[in-house]
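The block underneath contains the structure these notes are about, expressed in structure tokens.
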Amino acid sequence: MSFEYAPVTKGLMMGCALTSIIGGIFDVKRYLHLQLVPHVSRNHQYWRLLLHHTAFSNSSDLLIAEILLYGVGVHIERQFGSVKFASFTMASIMLATILEFVALLLFHNMGINQIPSGPSALVFSILYQWYRLTPPAYHFRIFGVSASNKAFMYILASQLALGHLPGSFASMVVGILTGFVYRSELVNIKSWRISPSVIRFSTRFLLPLVGSTRAPQRSTRARPETSRQTSSAETGNEEVITTARPSTGTEETGGSVVREWVNELTGRNEQGTTGVRVPSDAEITHLTTMFPNVQRAVIVGALQRR
């Protein structure tokens with residue numbers, strides 16, 4: 001699994017990690033959480049409504065959120081497309097901000113006076129889309145309880161929801177409600193997209209900062225690459241072993257291999273005692289790397305009979 005076709009998710013993960021680390025280094029995390037009394041109601045610090053989505057207050061919440069974004073956000077962005085997923089992210093943050101402020105106004109007398117810092121509502125909104133759109137890959141039973149592969153992500157999400165009660169639980173409810181509202185027809189925000197100018201700006205300036213999202217290419221080599229200090233002579237004598245089938249000469253190669261195998265079993269040698277082949281150091285090193293438990297004399301003898 002990689003970040004291929006998911007640059008927005010990779011940018012979110014990098015942004016959350018960077019802001020959380022910077023907040024810890026400069027000791028400004030006390031300004032990141034959202035608290036109704038006294039910060040909003042008395043001190044009128046309304047900038048906290050948006051700022052509390054930027055960073056997490058501790059490393060454990062950051063780690064869980066990064067795992068959830070990697071395991072869930074990549075799938076949703078690939079299904080939505082990067083432009084729609086970025087629009088969904090912006091809409092979810094704005095809607096979650098409004099719902100969290102309303103929840104603080106309605107339930108602050110019941111003990112919900114603070115929302116912990118971090119984009120937890122956005123994570124749960126993405127998790128709700130994953131719950132609705134992605135089917136389970138397999139099912140299993142533990143002590144008679146049936147579950148699927150999606151249960152592991154739900155367990156991680158429960159740790160994020162129960163970390164700072166009751167505010168973290170309220171953030172979970174707001175996030176799930178935000179995802180539900182986005183998918184429903186209650187508020188028609190599914191068709192909204194960010195402007196083309198923002199897309200062009202992000203493609204030109206922000207996408208290079210995210211870096212490459214292409215999946216790593218798997219090599220067809222059967223052994224690891226040699227060091228760069230290998231001389232050109234040894235590289236020329238080196239035999240590259242791949243899993244690809246040879247394009248030509250298949251019958252002749254197969255016949256010679258079978259003939260050599262039969263000669264080794266019967267003790268016959270078509271070449272006689274003359275013309276003994278002297279193996280090169282590159283061939284001996286090659287086979288020694290492939291079969292480290294075989295003695296050098298056995299490898300040299302096998303190469304001489306080749």
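Values below: all heavy atoms of this structure, side chains included; hydrogens, waters and symmetry mates excluded. No experiment lies behind these values; they were computed from the predicted model shown.
- For the residue pair T97 and H53, a side-chain donor N or O sits within less than 3.5 Å of a side-chain acceptor on the partner.
- For the residue pair G211 and K10, the shortest heavy atom distance occurs at C-NZ, 4.1 Å.
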Problem - Y31 vs S117, side chain to side chain contact (heavy atoms under 4.5 Å, CB included): CA-CA, chis, key distance, verdict - result: CA-CA 9 Å; Y31 299 108; S117 61; over 6 Å; no
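- Taking all atoms of both residues into account, the shortest heavy-atom contact from M90 to I194 is CG-CG2, 4.3 Å.
- Residues I142 and F140 approach most closely at CD1-CE1, 3.4 Å, considering heavy atoms.
- Residues Y70 and T9 have side chains not in contact (no heavy-atom distance under 4.5 Å, counting atoms from C-beta outward).
- Annotation for V210: hydrophobic cluster partners, listed by chain and number, are M14 (ILVMFWY side-chain heavy atoms under 4.5 Å, direct or chained).
- The two residues K190 and Y182 make their nearest non-hydrogen contact at CG-O, 2.7 Å.
- Under the 4.5 Å side-chain criterion, counting only non-hydrogen atoms from C-beta, Q45 is not in contact with Q35.
- Looking at heavy atoms from C-beta onward, N58 lies in side-chain contact with H164 at the 4.5 angstrom threshold.
- I176 approaches F124 most closely through the heavy-atom pair N-CB, 4.2 Å.
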Exercise answer: donor-acceptor pairs, residues 295-302 side-chain atoms, under 3.5 Å, sequence neighbours excluded:
none

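- Nearest heavy-atom pair, E100 versus S171, reported as atom, atom and distance to 0.1 Å: OE2-OG, 3.7 Å.
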